[in-house]
Amino acid sequence: MFVFVITLVIIWLTMWAFFKFMYPKPPKEFMPKKGDIITPRECDFCGYPLAEYRGVIEAIPQVQLAEVDQAQVAQLTAEVAAIREQILAYETAVTDKAYQKTLTRQQKRQASAQYEQLQKQLFDKNQQLKKMTSWFFCNYDHQADFHASRTP
């Protein structure tokens with residue numbers, strides 16, 4: 001029985017060393033940093049899904065946006081500004097200790113849920129705005145190929 005356990009431990013250590021050697025951790029510069037958007041987007045050139053921090057984002061010139069798109073961009077920008085004002089008002093209320101003492105736990109929980117919902121809405125609106133006003137490329141080679149094939 002003892003030999004069997006020793007054999008299993010040796011096999012386990014050998015397999016652990018093998019997998020550690022075969023599948024090392026990627027370098028830290030390849031990992032997302034704080035603030036990076038890791039939501040997958042499709043490359044406008046090849047359609048490959050990729051996280052934003054690994055791709056290239058380039059602003060679309062204003063003249064290339066259609067009038068309908070420009071109106072929608074203006075509307076989204078106004079919505080983003082309104083949501084930011086609501087978030088700022090909430091953050092101001094949170095820092096006011098006298099106001100916080102008047103709230104019940106349920107009111108605090110509801111306010112916190114509303115704040116999280118506002119943060120999510122802000123993120124979604126910013127993503128929509130970014131998709132409308134920028135090209136997204138997997139890498140610089142794709143970007144160069146995309147612009148090389150376009151005629152002014």
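Predicted model, so just to flag it, every value in this text is computed and none were measured.
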Practice problem: Go through the structure and list residues passing side chain to side chain donor-acceptor pair (under 3.5 Å) with Y90, not counting sequence neighbours. | Solution: none
Quiz item: Should the heavy atoms of other residues, nucleotides or ligands under 6.0 Å from CD of Q114 be counted, would the total exceed 12?
Solution: no
Quiz item: Is Y53 isolated, or which residues cluster with it under the ILVMFWY side-chain rule of less than 4.5 Å, directly or via members?
Solution: I38
Exercise. Quick one: list whatever passes salt bridge (Lys or Arg N to Asp or Glu O under 4.0 Å) with K120, sequence neighbours left out.
Key: D124
Mind listing the side-chain donor-acceptor pairs of residues 8-20 below 3.5 Å, one per line with the distance, residues two or more places apart or on another chain?
residue	atom	partner	partner atom	Å
T14	OG1	I10	O	2.7

Quiz item: Is there a path from L129 to F123 through hydrophobic residues (I, L, V, M, F, W, Y) whose side chains come within less than 4.5 Å of each other?
Solution: no
Practice problem: Given side-chain contact (heavy atoms from CB on, under 4.5 Å), test K130 with E52 step by step and report yes or no. | Solution: CA-CA 11 Å; K130 199 176 283 184; E52 268 188 31; 3.3 Å; yes
Self-check item: Qualifying residues under side chain to side chain donor-acceptor pair (under 3.5 Å), relative to K131, sequence neighbours excluded
Solution: none
Quiz item: With sequence neighbours excluded, what pairs up with K108 under the salt bridge (Lys or Arg N to Asp or Glu O under 4.0 Å) test?
Solution: none
Quiz item: Taking only residues two or more places apart in sequence, or in another chain, which ones meet P49 in a side chain to side chain contact (heavy atoms under 4.5 Å, CB included)?
Solution: none
Quiz item: Looking at C138 and C46, what are the two nearest heavy atoms and their distance?
Solution: SG-SG, 3.7 Å
Self-check item: Rounded distance [0.5 Å steps], CG in L103 versus CZ in R109
Solution: 12.5 Å
Quiz item: Is there a side-chain contact between V56 and W135, using heavy atoms and a 4.5 Å cut-off?
Solution: no
Quiz item: If every non-hydrogen atom of Q127 is compared with every non-hydrogen atom of I37, which pair is closest and at what distance?
Solution: OE1-CD1, 3.6 Å
Exercise. Tell me, please, which residues at least two apart from T104 pass side chain to side chain contact (heavy atoms under 4.5 Å, CB included).
Key: Q106, Q107
Practice problem: Give a yes or no answer on whether the side chain of D36 reaches the backbone of K33 with a donor-acceptor pair at less than 3.5 Å. | Solution: yes
Exercise. Sort and list the pairs that fulfil salt bridge (Lys or Arg N to Asp or Glu O under 4.0 Å) and have at least one residue in residues 132-141, not counting sequence neighbours.
Key: none
Side-chain donor-acceptor contacts of residues 71-87 below 3.5 Å, not counting sequence neighbours, with atom names and distances?
residue	atom	partner	partner atom	Å
Q75	NE2	E79	OE2	3.2
T77	OG1	V73	O	2.7
E79	OE1	K125	NZ	2.7

Quiz item: Does the side chain of R41 reach to within under 4.5 Å of the side chain of S134, using non-hydrogen atoms?
Solution: yes
Quiz item: Which residues, ordered by chain and number, are linked to I57 in its hydrophobic cluster, where ILVMFWY side chains connect at heavy-atom gaps below 4.5 Å, directly or through other members?
Solution: Y48, L50, F136
Quiz item: With sequence neighbours left out, which residue pairs that include part of residues 62-83 fulfil the ring pair (Phe, Tyr, Trp, His ring centres under 6.0 Å) condition?
Solution: none
Quiz item: Taking atom types as modelled and ignoring hydrogens, do the side chains of H142 and N139 form a donor-acceptor contact shorter than 3.5 angstrom?
Solution: yes
